[in-house]
Amino acid sequence: MKNSRTRIAGAVLAVAALAGAAACAADQSASATTPTATTAAPPPTETLSPLLQQALPDVPGKTFTSAIVTLPPAARAAPHRHGGAFVYAYVLDGTVRSQVDDKPVGTFRAGDNWTEQPGAHHVLTENPSATEQARLLVVFVADNGAELKVDDAHQ
């Protein structure tokens, strides 16, 4: 009796697998003959999530801001500047390629860090991984009320 149940269950699974394969083949056949409109999605970009913003009590006119920057797989930020801010970046997860001004491109992994001087031009920020996100802890010391990131004008 148990052997019969096993054979019946096996037969049901085989029929289900064949039906699924036939449905997939029909879908592929239909999509091969029916053109579909596609739109290219814009490349992913970074997101900035503020953590803390605090006026510096012993440095009048300056604010300390910390944030998490997340770069999805294959994300690339637009070239930008951080105005008059001094910037410190620490890689929490993943890998980030970065270039500031005319310095060489650097590849930074979890635990690595860098700084950017006020007025620096950040020409490259990207996540080179196609599968893993990258996250940075970024700290800005900027003038009170200043924009922390200004993308270059589109050419």
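Throughout, numbering of the chain's residues begins at 1 and tracks the sequence.
- By the 4.5 Å heavy-atom criterion applied to side chains, L56 and V141 are counted as neighbours.
- Counting only residues at least two apart or on different chains, the ring pair (Phe, Tyr, Trp, His ring centres under 6.0 Å) pairs with a member in residues 87-112 are F108-W114.
- In plain terms, the two heavy atoms of P73 and P44 that are nearest each other are O-CG, 3.5 Å.
- The hydrophobic clustering, which links ILVMFWY residues whose side-chain heavy atoms are closer than 4.5 Å, places V91 and L124 apart.
- Residues V123 and V100 are not in side-chain contact: their nearest non-hydrogen atoms beyond the backbone lie 4.5 Å or more apart.
- Nearest heavy-atom pair across A67 and P50 is CB-CA, 3.9 Å.
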Quiz item: Hey, mind stepping through I68 and L137 against side chain to side chain contact (heavy atoms under 4.5 Å, CB included) and telling me if it holds?
Solution: CA-CA 5 Å; I68 299 293; L137 169 66; 4.2 Å; yes
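- There is a side-chain donor-acceptor pair under 3.5 Å between H121 and D152.
- D143 is linked by a salt bridge (charged side-chain N to carboxylate O under 4.0 Å, His left out) to K62, counting only residues two or more places apart in sequence or in another chain.
- When side chains are defined from C-beta on, Q99 does not count as touching P104, because their heavy atoms never get closer than 4.5 Å.
- In this structure R97 satisfies the salt bridge (charged side-chain N to carboxylate O under 4.0 Å, His left out) test together with E126, sequence neighbours excluded.
- Judged by distance alone, with hydrogens and angles left aside, the side-chain atoms of R81 form a donor-acceptor pair with the main-chain N or O of G119 at under 3.5 Å.
- Residue pairs that meet the ring pair (Phe, Tyr, Trp, His ring centres under 6.0 Å) test with at least one member in residues 126-151, sequence neighbours left out, are H82-F140.
- Side-chain atoms of H122 and P79, non-hydrogen and from C-beta on, never get closer than 4.5 Å to each other.
- In the hydrophobic clustering, where aliphatic and aromatic side chains (Ile, Leu, Val, Met, Phe, Trp, Tyr) are joined below 4.5 Å either directly or transitively, V150 stands alone.
- You'll find the side chain of T65 stays beyond 4.5 Å of the side chain of L52, heavy atoms only.
- In terms of heavy-atom proximity, A134 sits nearest to V96 at CB-CG2, 3.8 Å.
- Between L136 atom CG and L71 atom CG the span is 6.0 Å, to the nearest 0.5 Å.
- When all heavy atoms of Q53 and T63 are compared, the pair lying nearest together is CG-CG2, 3.4 Å.
- Under the salt bridge (charged side-chain N to carboxylate O under 4.0 Å, His left out) criterion, E46 pairs with K149, not counting sequence neighbours.
- In this structure, CZ in F86 is found 5.5 Å from CD in Q117, a value given to the nearest 0.5 Å.
- In this structure, the separation between CD on Q133 and CG on N127 is 8.5 Å, given to the nearest 0.5 Å.
- When all heavy atoms of T95 and P128 are compared, the closest pair comes out as O-CD, 3.4 Å.
- No donor-acceptor pair closer than 3.5 Å links the side chain of D101 to the backbone N or O of K103.
- Under the 4.5 Å side-chain criterion, counting only non-hydrogen atoms from C-beta, R76 is not in contact with T45.
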